[in-house]
Protein chains: 2
Amino acid sequence: MSPEAKVPQPSESLADSLMAPAGSADRIMAVAYELFSQRGVRDVGVNELIERSGVAKATFYRHFPSKDSLVLAFLEQRDRQWTMDMILSEARRRGSTPTAQLLAVFDVFGEWFLREDFEACSFVRVLLEMGPAHPLGQASIAYLDKIRGHVQAVAEEAGLVRPDEFARSLLVLMKGSVVQAAEGDMLAAGRAQQMAGWLVEHHRA
Amino acid sequence: MSPEAKVPQPSESLADSLMAPAGSADRIMAVAYELFSQRGVRDVGVNELIERSGVAKATFYRHFPSKDSLVLAFLEQRDRQWTMDMILSEARRRGSTPTAQLLAVFDVFGEWFLREDFEACSFVRVLLEMGPAHPLGQASIAYLDKIRGHVQAVAEEAGLVRPDEFARSLLVLMKGSVVQAAEGDMLAAGRAQQMAGWLVEHHRA
DNA sequence: GGGGGAAGACAGACTGGTCTTCCCCGCGGT
DNA sequence: ACCGCGGGGAAGACCAGTCTGTCTTCCCCC
């Protein structure tokens, strides 16, 4: 459970970070992030990861004791980079009121769906690929629940009633629109946003 | 693309269907249906399938030229057995009016979510496992679109306006509730049904 | 006798993971 | 200033197991 996969803090001397492209672990994580995001964790093997990141196999296993621990680190990175930076903080930036921020999530989704490298939500994908009993599935569930927590906090800011149920319903819309977009329906975000509007209305004090 | 995977019609003589447990292809399909439904298509190999169905490997490959063709046949069976018989016809049976039938889908979903062998929707799962470019992903998209067509037909029966958009929005709710249930939220069907009610209201003439 | 099927060996490619070999580079001691 | 040591990393062989798919052998039953 304890990831062990420590992303080495940038405490390296200026000198070697100048010539070296990046620390080995950083390069591995960068490659893993891209490949896992786009093709899923099951489709990407260790051999491909080490080849694309130009690292020796022994080096890989010195930084990450197993492939699963790398996937765990990837999910953590995904939470930071995607959930927090790309979706939530962007939605907060766009909405002037908490209520508007909740609806702005689907604006951000709409643009995300249009990207050519869009390939559904990694947490949902890993959950369905590995099953809810597998440690990686459990981790995915935890991160999805973390998202629900954030949504609930904004709902409380907005003064909505029963914020817990609100957040769970909004996540149904989020997940549904993501899957629908993976199927090719680029307008799924708009449909979800419309229903989110009714949901907000229904949870007004 | 052409399935090739012909499920042999029950045109066998009475005599051999008496002693034989079932035709080889039928036994393979039965085992595949259960394992694919519960664990996903990637997690189940040909060796396990032939072992559990008590059939020789050569026999397997005489009936199904490849594993993918078996998966294709499985998706087709899933459409017949799950989409049609378990969900849609059951929803139609329960609702007295077309509108009630649309909402009854989520009653059926709610009971489905409670089954201990519930493991999300096979079409969504295969789509996310294989990607939308893979033939199996394409087939899954086609079957999901078939479901949308059925929903749209009922929406037209109900006299709803813009039945196409209605159906797409309802499918967002269906998929979202399924994923949420796979995560452990057993009440996801109820939340989706509530939003479906608002959706129906909004599409009234 | 011939066809279908069970059993299973086999092929070839891949999986995650270990271990060995070599090399380079920076450090410390003289 | 030079030498030598040692650690990190690249390359890759290797291992045991898995995957899909083929082919052979035997047997049974019509």
Side-chain angles (χ1 to χ4, degrees), chain A residues 3-6 8 11-32 35-36 39-74 126 129-130 134-136, chain B residues 4-6 8 11-29 31-32 35-36 39-74 126 129-130 134-136:
Chain A
E4 205 75 47
K6 46 164 179 271
S11 66
E12 302 180 339
S13 72
L14 312 164
D16 50 56
S17 72
L18 194 151
M19 189 52 210
S24 302
D26 293 333
R27 247 177 311 146
I28 295 170
M29 258 308 297
V31 170
L35 295 186
F36 285 163
R39 286 167 37 199
V41 297
R42 273 199 126 157
D43 205 47
V44 181
V46 174
N47 289 320
E48 184 175 357
L49 287 167
I50 66 168
E51 185 191 338
R52 304 264 292 239
S53 53
V55 98
K57 214 165 191 181
T59 305
F60 176 96
Y61 279 102
R62 192 172 318 116
H63 290 298
F64 304 96
S66 69
K67 183 193 171 184
D68 278 11
S69 80
L70 173 64
V71 176
L72 227 41
F74 157 69
V126 171
E129 271 182 358
M130 311 304 290
H134 192 283
L136 296 178
Chain B
E4 206 73 47
K6 46 163 181 272
S11 66
E12 299 180 337
S13 73
L14 312 163
D16 50 55
S17 71
L18 195 151
M19 189 51 209
S24 301
D26 294 333
R27 247 178 310 146
I28 295 170
M29 258 308 296
V31 170
L35 296 186
F36 285 162
R39 287 167 37 201
V41 297
R42 274 199 124 155
D43 206 49
V44 180
V46 173
N47 289 320
E48 183 173 359
L49 287 167
I50 64 169
E51 185 191 339
R52 305 264 292 241
S53 54
V55 97
K57 214 165 192 182
T59 305
F60 176 96
Y61 279 102
R62 193 171 316 116
H63 290 297
F64 303 95
S66 69
K67 183 193 171 184
D68 278 10
S69 80
L70 173 64
V71 176
L72 228 40
F74 157 69
V126 171
E129 271 183 358
M130 312 304 291
H134 192 284
L136 297 178

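The analysis underlying the following values was restricted to heavy atoms, covering all of them including side chains, and did not include hydrogens, waters or symmetry mates.
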Side-chain contact test, heavy atoms from C-beta onward, threshold under 4.5 Å: evaluate it for B/F74 versus B/L35 and give yes or no.
-> no
Could you state the atom-to-atom distance from CG of A/N47 to P of C/dA13 in whole Å?
-> 15 Å
Separation of B/F60 atom CZ from D/dG21 atom C1', in whole Å?
-> 10 Å
For the atom pair CE (A/M130) and CZ (B/R42), what is the distance rounded to the nearest 0.5 Å?
-> 10.5 Å
Nearest-Å distance, CD (B/E48) to C1' (D/dT20)?
-> 15 Å
Minimum side-chain heavy-atom gap B/M29-B/L70 below 4.5 Å = yes
Enumerate all atom pairs, one protein N or O and one N or O from nucleotides 10-12 of chain D, separated by less than 3.5 Å.
| unit_1 | atom_1 | unit_2 | atom_2 | d |
| --- | --- | --- | --- | --- |
| D/dA10 | OP2 | A/A56 | N | 3.1 |
| D/dA10 | OP2 | A/T59 | OG1 | 3.2 |

Please report, rounded to the nearest Å, how far the P atom of C/dT15 is from the CG atom of A/L49.
-> 10 Å
Expressed in angstrom and rounded to an integer, what is the separation of B/D68 atom CG from D/dG21 atom C1'?
-> 12 Å
Do the non-hydrogen side-chain atoms of A/H134 and A/D68 ever get within less than 4.5 Å of each other?
-> yes
Could you state the interatomic distance from CD1 (A/I50) to OG1 (A/T59), rounded to the nearest 0.5 Å?
-> 9.0 Å
Distance-only, no hydrogens or angles: does the B/K57 side chain make a donor-acceptor pair with backbone N or O of B/V46 under 3.5 Å?
-> no
Can you tell me the distance, in whole Å, between the CD atom of B/E51 and the C1' atom of C/dG5?
-> 17 Å
Between atom NZ in B/K67 and atom P in D/dT18, what is the gap in whole Å?
-> 15 Å
Whole-Å gap separating P (D/dC14) and OH (A/Y61) | 19 Å
